[in-house]
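Below you'll find the structure, written out as structure tokens, and then a few comments.
Below, chains carry the letters A, B, ... as their sequence lines are ordered, and counting in each starts from 1.
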There are 2 protein chains.
Amino acid sequence: MTAESRDGRVARGDRRRALIVAAAVRVVEREGVAGLTHRAVAAEAGVSPTSTAYHFATVDDLMVGALRASVEDSAGGLLDQVRRTATDPVRALADYVTVHRGRAIAEYELYLQAARRPALRPIARQWLDALSEVLRPVVPDETARRALVATVDGLLLQSLLSDEPPSEAEMRALLGHVVRVSGSDTGPAAPHG
Amino acid sequence: MTAESRDGRVARGDRRRALIVAAAVRVVEREGVAGLTHRAVAAEAGVSPTSTAYHFATVDDLMVGALRASVEDSAGGLLDQVRRTATDPVRALADYVTVHRGRAIAEYELYLQAARRPALRPIARQWLDALSEVLRPVVPDETARRALVATVDGLLLQSLLSDEPPSEAEMRALLGHVVRVSGSDTGPAAPHG
DNA sequence: CATAATATGGAACAAATGTTCTGATTGTTA
DNA sequence: TAACAATCAGAACATTTGTTCCATATTATG
């Protein structure tokens, strides 16, 4: 859609929108969702509040844009990494919350807003689906994987609610445990952990 | 501490504090954390904003009080129910998010604020510990239980992020799965699923 | 009763916010 | 060039918020 610029004006608008969304994510990363205001985003993007209001009429719209960009970016990146480089999904997830902790917190804060804002729910579901896809290689069974997704979601959540996040080793250990027992329930156990 | 009232004035103050905290929880239940303001709580409690500001100097303090009350109430109630009436913990948890959905959402919203407010983290941990206690009967192994707690936390979270929460049956099915496989990993498998 | 401490209400203030109005600027099309 | 649409900036407005100040009421203590 935004790839070809039929109109130079809308092309510039598209660039602005992207600029604003990226700034919005950074604002959330720095100040939390409570700090996500037209003015803060405008300042972060080096743009006037009128411009953010023009492209995102309400603050809620701004939030939708930020969450969508975050999910597409992170979930997409995760999927790519696992698929293309054949990385262990568990390790990729553990990395996700440890090395990119700041962004992970921001994304999860946005993600959680879906509890009150129905507009965000489809995107939240998108995240869960992507997570499920990432984990498919290690747990093929549908029910087991749904449970595992919940576990991962819970661990990610808890890692944001603790003074110090669980170490990558701890994370891998817990996830590994679930994968092992869950996998062994749905078919022949994997030869070795 | 607040049981005996050495001083009639502080006794009245204690009652007020309790009144305010209860009102704060109701406000979060109705409007979300974003609506948790001195004025809203004061109005809900039938009290002047000065009074709420007197007992809870900042809005953050108000949040701490609300979360603490919620956790003590819910986690305590859950523990009591399981211990005293020997209810199946899994069923008790499934009930918790289905029949008391409104309150559960409010509590989780407060709970999630710990991501940005360190003052809330000890209370968040208290919730996790209580959850672990509730689940001890079904999963005695430490590591397995820690993983299960994450699963429960994830499921509760997801149930708040969906347009329609998972049915109690679905919830029980998923949790049951994890308990089964997790339990069978730590000792002799249960005779039958 | 007098004095002090605690608790409370009413009013008020500065700061921040969402949003809109008014034009100006940039790009398109005829 | 002229007419038009999309995009933007500056200023402004009403609203809401946290918090404080001042006076008053309630309770305790001497």
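- For the residue pair B/Arg16 / B/Ser51, a side-chain donor-acceptor distance below 3.5 Å is found, with atom types taken as modelled.
- A perpendicular orientation is assigned to the rings of B/Tyr108 and B/Trp127, their planes being inclined by more than 60° (bins at 30° and 60°).
- Remark: A/Arg121 CZ is packed, more than 12 non-hydrogen atoms of other residues, nucleotides or ligands lying under 6.0 Å away.
- With hydrogens and angles disregarded, no donor-acceptor distance shorter than 3.5 Å links the side chain of A/Thr85 to the backbone of A/Val82.
- By the side-chain hydrogen bond (donor to acceptor under 3.5 Å, both in side chains) test, A/Gln113 pairs with no residue at all, sequence neighbours left out.
- With rounding to the nearest 0.5 angstrom, the CD atom of B/Glu44 is 4.5 Å from the CZ atom of B/Arg30.
- Within a 6.0 Å radius of CZ in A/Arg125, other residues, nucleotides and ligands contribute 12 heavy atoms or fewer.
- A/Thr87 places no side-chain N or O within 3.5 Å of a backbone atom of A/Pro89 that could act as its donor or acceptor partner.
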A correct 5'-to-3' footprint of nucleotides 6-14 of chain C, with B, S and - meaning base, sugar-phosphate only and no protein heavy atom under 4.0 Å, is SBBBB-B--

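- Across the protein-nucleic acid pair, A/Leu19 atom CG and D/dT7 atom P stand 15 Å apart, rounded to whole Å.
- A heavy-atom distance below 4.0 Å to DNA chain D is reached by none of the residues of residues 25-37 of chain A.
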